[in-house]
Amino acid sequence: MKRIIYSIFNNDIHPHKSSNDFKKTQFNKWRYHLEENHKQYALKCGADYHLHLTPTQSYDDIQFEKILLLEQYANDYDEMLYLDFDVVSHTNVNYFEYHDMTAVNA
């Protein structure tokens, strides 16, 4: 069973209510810690991890890019999990083991 956890990042997004200057500053400040947290969680889940650094600057287009990446990963992975970049894992629970994906794959 091949698994991947992925996220997307660009801190140069056009003005949008969900990407204000404070959030951009915090992402720059904590970027490497967030990425390391995602990597460690992927290891716990037996999954690959990939952080996509997108040149896309439109907040709305980035939302669609997440879905396009999911479609691409479906060619090579059996189970996929997208994490928003501001998600911090504080659990040892394996997402893929906790959630029964057999009904989704049937």
Side-chain angles (χ1 to χ4, degrees):
M1 183 77 49
K2 284 187 69 174
R3 299 171 171 165
I4 188 163
I5 297 174
Y6 71 101
S7 191
I8 196 167
F9 178 77
N10 179 346
N11 209 29
D12 188 22
I13 298 173
H14 294 151
H16 185 276
K17 65 182 178 183
S18 293
S19 63
N20 61 43
D21 287 338
F22 176 75
K23 286 183 180 180
K24 290 178 185 180
T25 300
Q26 294 304 302
F27 276 132
N28 278 334
K29 179 178 179 180
W30 298 103
R31 175 184 169 191
Y32 296 104
H33 296 283
L34 291 166
E35 184 177 5
E36 187 59 30
N37 177 267
H38 288 187
K39 287 178 182 177
Q40 291 302 314
Y41 185 64
L43 281 174
K44 290 177 188 176
C45 292
D48 293 336
Y49 176 75
H50 190 79
L51 174 61
H52 292 271
L53 303 176
T54 182
T56 305
Q57 293 180 304
S58 162
Y59 181 85
D60 294 334
D61 288 346
I62 290 172
Q63 305 316 304
F64 289 112
E65 190 170 347
K66 295 172 188 179
I67 297 167
L68 293 172
L69 288 167
L70 180 71
E71 290 176 342
Q72 290 174 13
Y73 281 131
N75 294 320
D76 298 315
Y77 290 91
D78 302 300
E79 296 177 337
M80 297 145 295
L81 172 63
Y82 172 79
L83 292 178
D84 272 336
F85 197 58
D86 58 354
V87 170
V88 176
S89 171
H90 292 288
T91 182
N92 287 320
V93 174
N94 181 326
Y95 176 88
F96 301 104
E97 299 296 328
Y98 185 81
H99 297 280
D100 182 6
M101 301 290 183
T102 55
V104 176
N105 294 325

Going by chain and number, the hydrophobic cluster around I13 (ILVMFWY, side chain to side chain under 4.5 Å) further includes I4, Y6, I8, Y59, I62, L69, L70, Y73, Y77, M80, Y82
Between Y49 and Y41, is there a side-chain heavy-atom distance shorter than 4.5 Å? no
message = One pair to check against side chain to side chain contact (heavy atoms under 4.5 Å, CB included): H52 and H50. What are the steps and the verdict?
response = CA-CA 6 Å; H52 292 271; H50 190 79; 3.2 Å; yes
Quick check against the 3.5 Å criterion: does D84 have a side-chain atom that pairs as donor or acceptor with the backbone of V87?
no
Are side-chain heavy atoms of R3 and D78 found at a separation under 4.5 Å?
no
Do the side chains of L53 and I67 join up, straight or via other hydrophobic residues, at under 4.5 Å, putting them in one cluster? no
Rounded to the nearest 0.5 Å, the CE atom of M1 sits from the CD atom of E97 at a distance of 8.5 Å
Anything under 30° is parallel, anything over 60° is perpendicular, the rest tilted; go ahead and classify F9 against F27. perpendicular
To the nearest 0.5 Å, atom CD of Q63 lies from atom OG of S18 at 7.5 Å
Is the shortest side-chain heavy-atom distance between H33 and E36 below 4.5 Å? no
Rounded to the nearest 0.5 Å, the OG atom of S89 sits from the CG atom of L34 at a distance of 11.5 Å
Between the CD atom in Q72 and the CG atom in L68, the distance rounded to the nearest 0.5 Å is 7.0 Å
Q.
Any side-chain to backbone donor/acceptor pair from T56 onto S58? Under 3.5 Å, distance only.
A. no
Does any part of the side chain of N37, heavy atoms only, come nearer than 4.5 Å to the side chain of Q40, both counted from C-beta?
no
Assess whether side chain to side chain donor-acceptor pair (under 3.5 Å) is satisfied between K44 and N94, documenting all intermediate values. CA-CA 7 Å; K44 290 177 188 176; N94 181 326; over 6 Å; no
Rounded to the nearest 0.5 angstrom, the CG-NE2 distance for D61 and H14 is 9.5 Å
CD (Q26) and CG (D21) are apart, to the nearest 0.5 Å, by 11.5 Å
Any carboxylate oxygen within less than 4.0 angstrom of a Lys/Arg side-chain nitrogen, looking at K66 and E71? no
Could you go through the side chain to side chain contact (heavy atoms under 4.5 Å, CB included) check for H16 and D60 one step at a time? CA-CA 9 Å; H16 185 276; D60 294 334; 3.9 Å; yes
| request: Taking the side chain as every heavy atom from C-beta outward, state whether I5 and F96 have any atom pair closer than 4.5 Å. | output: yes
**Request:** Treat each ILVMFWY residue as a node, draw an edge where side-chain heavy atoms are under 4.5 Å apart, and state whether L83 and W30 are in one component.
**Result:** yes
Contact check, side chains of L51 and H38, non-hydrogen atoms, under 4.5 Å: no
